[in-house]
There are 2 protein chains.
Amino acid sequence: MTIKEVCEKYDITPDTLRYYERVGVIPEVTRTAGGIRNYTEKDMGWVQNAICFRSAGMPIEALIEYVRLFQQGDETIEARCQLLKDTREQIMEARKKYDIALQKLNYKISRYEEAVKTGILSWEEEPK
Amino acid sequence: MTIKEVCEKYDITPDTLRYYERVGVIPEVTRTAGGIRNYTEKDMGWVQNAICFRSAGMPIEALIEYVRLFQQGDETIEARCQLLKDTREQIMEARKKYDIALQKLNYKISRYEEAVKTGILSWEEEPK
DNA sequence: ATACACCTTAGAGTTTGCTCCAAGTCAATG
DNA sequence: CATTGACTTGGAGCAAACTCTAAGGTGTAT
């Protein structure tokens, strides 16, 4: 699969994909004889993972570290496991903050919807 | 309340608080005669909201827009309501991605934990 | 074989959101 | 009233994560 096809599939730019490979967020991609990237299923799996974890706020650095450990072979299995657990902790922590924000938003929106109907904007405490 | 006290309360730096005020993420803060910031309860409410929504990934620009609308008075109530709904949509979208990442992580971690015990690292499909 | 679209690299530039610095002001204490 | 420490501003600097540019190579359709 060409870089363009991968980009369309995952809605990402070629620049970003090349950047990910350059810095080590994904391992080096398979190439044609002419040097053009030709993504295999395995390559795509790495891409998919990178996109998924990035979209959950996992920093580039952590992804690079995981790939680095992976490439060092089986003796890094425990380290990789720990890295994933730490990552999970961070994502769960972040998600908690999202939930709190959503609660706040829901409260505000309910007040605003009432205000739009009645013309009266009332807050329990602080007017914001 | 002085800037320092507010910073301690919300675990944020004075630079960030001043930055928020400068760009309009929070409205102008109450000052002493000498020009020193003296945060009222109302000011603190804005600070708390800014921190909460920022931690859920709401962009600075959206927060500025909200404050701008707020300062224009009651005729912007509907616009503010819409902005909050759009924000909620985005945060819920982002949270979905967090959940997907967490599922992936849980699967990987379970495989790794087995590998740590048995020495065998097995994947359903792609080895990653 | 010659366009033509698409690919390559190295390296510079951009955006977002802070973070730091210098030079000066304010206020509490001895 | 002098010292000390926290506060002020404007503006520069920085880190993360892309994003763009220039100059050139690849591959395929006519």
Side-chain angles (χ1 to χ4, degrees), chain A residues 1-40 43-44 46-47 49-68 87 90-91 94 97 101, chain B residues 1-40 43-44 46-47 49-68 87 90-91 94 97 101:
Chain A
M1 228 181 187
T2 69
I3 198 169
K4 205 190 181 191
E5 288 164 336
V6 178
C7 287
E8 272 157 16
K9 181 159 180 185
Y10 294 115
D11 192 29
I12 189 173
T13 71
D15 273 319
T16 301
L17 262 190
R18 283 189 285 251
Y19 165 73
Y20 280 179
E21 186 178 350
R22 184 155 51 85
V23 301
V25 161
I26 57 175
E28 289 201 359
V29 165
T30 315
R31 306 277 186 130
T32 67
I36 292 193
R37 287 177 184 80
N38 183 24
Y39 291 79
T40 64
D43 295 324
M44 309 263 286
W46 281 104
V47 169
N49 272 283
I51 291 168
C52 175
F53 292 137
R54 280 293 304 131
S55 76
M58 186 169 171
I60 293 283
E61 262 314 313
L63 283 163
I64 293 170
E65 174 67 5
Y66 180 80
V67 170
R68 223 174 33 121
T87 299
Q90 285 158 32
I91 293 178
K97 293 192 176 152
Chain B
M1 228 179 186
T2 69
I3 198 168
K4 206 190 180 192
E5 288 165 336
V6 178
C7 287
E8 272 157 16
K9 182 159 178 185
Y10 294 114
D11 193 28
I12 190 174
T13 70
D15 272 319
T16 301
L17 262 191
R18 282 189 286 252
Y19 166 74
Y20 280 178
E21 187 178 348
R22 183 154 52 83
V23 300
V25 161
I26 56 175
E28 289 201 1
V29 165
T30 316
R31 306 279 184 125
T32 66
I36 292 192
R37 287 176 184 81
N38 184 24
Y39 291 79
T40 63
D43 295 324
M44 308 264 285
W46 282 103
V47 170
N49 272 283
I51 291 168
C52 175
F53 292 136
R54 280 293 305 131
S55 76
M58 185 169 172
I60 293 284
E61 262 313 314
L63 284 162
I64 293 170
E65 175 69 4
Y66 181 79
V67 171
R68 228 178 24 140
T87 299
Q90 285 158 30
I91 293 178
K97 294 193 175 152

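Chain A is the first sequence line, chain B the second, and so forth, proteins listed ahead of strands; every chain is numbered from 1.
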Item to complete: Would you indicate, yes or no, if dC6(C) has its OP1 or OP2 atom less than 4.0 angstrom from a side-chain nitrogen or oxygen of Thr2(A)?
Response: no
Item to complete: Verify the contact: side-chain N or O of Tyr19(A) to OP1 or OP2 of dA16(D), cut-off strictly under 4.0 Å; return yes or no.
Response: no
Roughly, in whole Å, what's the span from [atom1] in [X] to [atom2] in [N]?
| X | N | atom1 | atom2 | answer |
| --- | --- | --- | --- | --- |
| Glu5(A) | dC6(C) | CD | C1' | 11 Å |
| Ile12(A) | dA17(D) | CD1 | C1' | 11 Å |
| Glu21(B) | dG17(C) | CD | P | 18 Å |
| Tyr39(B) | dT8(D) | OH | C1' | 12 Å |
| Ile26(B) | dC18(C) | CD1 | P | 12 Å |
| Leu17(B) | dG17(C) | CG | P | 16 Å |
| Asn38(A) | dT8(C) | CG | P | 10 Å |
| Glu61(A) | dA15(D) | CD | C1' | 11 Å |

Closest listed nucleotide, where the reference is the side chain of [X] and the choices are [options]:
| X | options | result |
| --- | --- | --- |
| Ile36(B) | dT8(D), dT19(C), dC6(C) | dT8(D) |
| Lys4(B) | dC18(D), dT9(D), dC7(D) | dC7(D) |
| Arg22(B) | dT19(C), dA17(D), dC7(D) | dT19(C) |
| Asp15(A) | dT19(D), dC18(D), dT9(D) | dT19(D) |
| Thr16(A) | dA17(D), dT19(D), dT19(C) | dT19(D) |
| Ile60(B) | dC18(D), dC18(C), dC7(D) | dC18(C) |

Item to complete: Measure the CZ-CD distance between Arg37(B) and Glu21(B) for me, rounded to the nearest 0.5 Å.
Response: 4.5 Å
Worksheet item: Roughly how far, to the nearest 0.5 Å, is the OH atom of Tyr39(B) from the CH2 atom of Trp46(B)?
Response: 14.5 Å
Worksheet item: Between Asn38(A) and Thr32(A), do the side chains contain an N or O donor and an N or O acceptor separated by less than 3.5 Å?
Response: no
Discussion item. Heavy-atom nearest nucleotide on DNA chain C for Arg54(B) versus Arg18(B): which residue maps closer to 5'?
Written reply: Arg54(B)
Worksheet, complete the sentence: Nearest-nucleotide check on DNA chain C, Pro14(A) vs Gly35(B); residue mapping nearer the 5' end is Pro14(A)
Discussion item. Any base atoms under 4.0 Å from Arg37(B), or only sugar-phosphate, or nothing? Heavy atoms, all strands.
Written reply: sugar-phosphate
Worksheet item: Could you go step by step and tell me if Tyr10(B) and Leu17(B) meet the side chain to side chain contact (heavy atoms under 4.5 Å, CB included) rule?
Response: CA-CA 10 Å; Tyr10(B) 294 114; Leu17(B) 262 191; over 6 Å; no
Discussion item. Would you say that Ile36(A) contacts Thr2(A) through its side chain, given a criterion of any heavy-atom pair below 4.5 Å between the two side chains?
Written reply: no
